2 protein chains.
Amino acid sequence: MDRADLAADVVRRLAHVTAALRHRQDSVFAELGLTPAAARALHELDPDRPSPARDLAERLGCDRSNVTALVDKLEQAGLVERRTDPADRRQKTLVVTGPGRGVRAGVVEVMSDSRLLAALSDEELRTLRDLVWKVSDDGCPEQCDTR
Amino acid sequence: MDRADLAADVVRRLAHVTAALRHRQDSVFAELGLTPAAARALHELDPDRPSPARDLAERLGCDRSNVTALVDKLEQAGLVERRTDPADRRQKTLVVTGPGRGVRAGVVEVMSDSRLLAALSDEELRTLRDLVWKVSDDGCPEQCDTR
DNA sequence: TATTGTTATACTCTATAACTATA
DNA sequence: TATAGTTATAGAGTATAACAATA
């Protein structure tokens, strides 16, 4: 098998593995009562450092206008609160509530969960980590996000 | 770094790399005048073995009703033709046209393209292939598709 | 009755543009 | 005048349910 075929194989398999990861994540999000996008928004909110909606849009790599709807859902579910910033009344600070912290913990867990990698030994896992890092350092410029 | 953190790191990076891959693919699809879903549909059509729409839905892992709209687009672009199967007049066979073959070749190329992997030596690439295979063999049951 | 493809409809995600209330 | 958040709107992708033609 020559290099091009080998690389094509890797690309296909990577897509396959990531689709499976995504699939599991989305079904857990659904169990938590969240759509995938809402779950990812909650994931980006640091419960210990409330931040304005503007920042969230930036971290999600999407337009501000979408954040409105996402936060609407999270707020209706009681997971997040909007508070007008007294220092600049244009801004609304997004605060993760008590229940929000709990749900967010579930989101964080599944997003870094790795049952999929169970087949690998510790050493294989380290090797994979190094290779994937090498690829993403080199081939992933600024514009990439993790959506 | 313990195993859980290591695995979480791998998961994050994998998502990152695949997002970058997807990003590049989608922009090439756009240059070819195709939406991502239409491009993936064309990718699934074997020019040498025309098949009914039913099969395409199955390969894409989506509902038949979506295939209608996807094939509408491909047909309007002159890349695919619908032909009623004389043997079973309920079925419509999807035939990739001459121009369709050319565009499909571009889709196939970018979907197995691997400039992203350029940073790896031949040996590293083989190692990565083996590890990714191991993961996908073990951790990806039937329900996964490559979307 | 069962199946193929289609239509109608709805929901999610995302983007652009225009609006408001602040600054 | 510029910025933060919102609203209105649109397009892509996907799903369910009902329908016509055919088997």
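Everything numeric in this text was worked out from a predicted model, so none of it was measured. First the proteins, then the strands, lettered A, B, ... as listed; each starts at 1.
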| said: Salt bridge or not between B/Asp85 and B/Arg90? Use side-chain N to carboxylate O under 4.0 Å. | reply: no

| said: With a 3.5 Å cut-off and heavy atoms only, can you find an N or O donor on one side and an acceptor on the other between the side chain of B/Ser65 and the base of D/dT14? | reply: no

| said: Can you identify which nucleotide, out of C/dT14, D/dT14, C/dT6, has its nearest atom closest to the B/Ala37 side chain? | reply: D/dT14

| message | Distance check needed: D/dG5 P versus A/Asp63 CG, whole Å only. | response | 12 Å

| Between A/Arg104 (side chain) and A/Leu45 (backbone), is there a donor-acceptor pair under 3.5 Å? | yes

| message | Within the 4.0 Å heavy-atom criterion, would you say B/Asp88 contacts the bases, only the backbone, or no part of the nucleic acid? | response | sugar-phosphate

| task | Would you mind reading off the distance between B/Leu34 atom CG and D/dG13 atom C1', rounded to a whole angstrom? | result | 15 Å

| field | Derivation and outcome, salt bridge (Lys or Arg N to Asp or Glu O under 4.0 Å), residues A/Arg54 and A/Glu58 | value | CA-CA 6 Å; A/Arg54 175 83 180 72; A/Glu58 211 164 86; 3.2 Å; yes

| Pick the nucleotide of DNA chain D nearest each of A/Thr93 and B/Asp85; which residue has the one closer to the 5' end? | A/Thr93

| said: Please determine whether any donor N or O and acceptor N or O are separated by less than 3.5 Å between the side chain of B/Arg90 and the base of C/dT3. | reply: yes

| request: Using whole Å, report how far CG of A/Leu70 lies from P of C/dT14. | output: 7 Å

| request: Please name the pair of heavy atoms, one in B/Val107 and one in B/Leu34, separated by the smallest distance, quoted to 0.1 Å. | output: CG2-CD1, 3.9 Å

| said: Can you work out whether A/Pro86 or B/Ala69 has the more 5'-proximal nearest nucleotide on DNA chain C? | reply: B/Ala69

| request: Nearest whole angstrom, please: distance from the P of D/dA12 to the CG of B/Leu74. | output: 13 Å

| request: Decide if atom CZ of A/Arg3 counts as having more than 12 heavy atoms of other residues, nucleotides or ligands within a radius under 6.0 Å. | output: yes

| note | From the candidates D/dA12, D/dT22, C/dT12, the one with an atom nearest any side-chain atom of A/Thr35 is C/dT12

| request: Measure the distance from CG on A/Asn66 to C1' on C/dC13 and round it to the nearest whole Å. | output: 7 Å

| said: Heavy atoms only, 4.0 Å cut-off, all strands: where does B/Arg89 land among base, sugar-phosphate and nothing? | reply: sugar-phosphate

| said: As a test of reading the structure: which of D/dT14, D/dG5, C/dA15 is closest to the side chain of A/Pro52, going by heavy atoms? | reply: D/dG5

| query | Between D/dA23 atom P and B/Gln91 atom CD, what is the distance in whole Å? | reply | 10 Å

| D/dT6 OP1/OP2 closer than 4.0 Å to side-chain N/O of A/Arg82 | yes

| Can you tell me how far C1' of C/dT14 sits from CG of A/Asp72, to the nearest Å? | 16 Å

| To the side chain of A/Lys73, which of C/dC13, D/dG5, C/dG5 is closest? | C/dC13

| Length of the NZ-C1' vector between B/Lys92 and C/dT6, whole Å | 8 Å

| Which one, C/dG5, C/dT16, D/dA4, comes nearest to the side chain of B/Ala53? | C/dG5

